Amino acid sequence: MYRWNWSPPAKALNTSGLVVLVLLSPTPLWPALFAGAVMVVKVASLVAVGRLVAEASARA
């Protein structure tokens, strides 16, 4: 989860990628698609962490 969301490369890509697309894209489609892709990664991370928490509480 750290590599996908909070590592320096992930933070740089999440932020700068969207800013660059907003500034350079002639249409809002590409920034919206990129933001959607980032959202998919965030939701997948949330699901994975939820499963880890559920497994840990089931063991306890």
Side-chain angles (χ1 to χ4, degrees):
M1 297 319 118
Y2 173 80
R3 276 188 269 163
W4 289 0
N5 294 300
W6 299 291
S7 68
K11 294 299 280 183
L13 180 63
N14 290 343
T15 304
S16 65
L18 187 58
V19 170
V20 167
L21 282 174
V22 166
L23 292 175
L24 299 179
S25 179
T27 176
L29 176 65
W30 297 114
L33 289 174
F34 185 81
V38 170
M39 184 177 66
V40 166
V41 170
K42 300 294 183 185
V43 170
S45 297
L46 180 63
V47 169
V49 168
R51 287 182 181 161
L52 289 173
V53 170
E55 289 174 9
S57 62
R59 287 185 207 148

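Treat the numbers as computed from the prediction; the structure is a model and nothing was measured.
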Under 3.5 Å, side-chain donor or acceptor atoms of residues 51-58 against the rest of the protein: list the pairs with distances, not counting sequence neighbours.
unit_1: Ser57; atom_1: OG; unit_2: Val53; atom_2: O; d: 3.2
unit_1: Ser57; atom_1: OG; unit_2: Ala54; atom_2: O; d: 3.0

Show me the donor-acceptor pairs within less than 3.5 Å that the side chains of residues 26-50 make with the rest of the protein, sequence neighbours left out.
unit_1: Thr27; atom_1: OG1; unit_2: Leu29; atom_2: N; d: 3.4
unit_1: Lys42; atom_1: NZ; unit_2: Asn5; atom_2: OD1; d: 3.0
unit_1: Ser45; atom_1: OG; unit_2: Asn5; atom_2: ND2; d: 2.8
unit_1: Ser45; atom_1: OG; unit_2: Val41; atom_2: O; d: 2.9

Let me have the donor-acceptor pairs involving side chains of residues 9-21, under 3.5 Å, with sequence neighbours excluded, atom names and distances please.
unit_1: Asn14; atom_1: ND2; unit_2: Ala10; atom_2: O; d: 3.3
unit_1: Thr15; atom_1: OG1; unit_2: Lys11; atom_2: O; d: 3.2
unit_1: Ser16; atom_1: OG; unit_2: Ala12; atom_2: O; d: 2.3

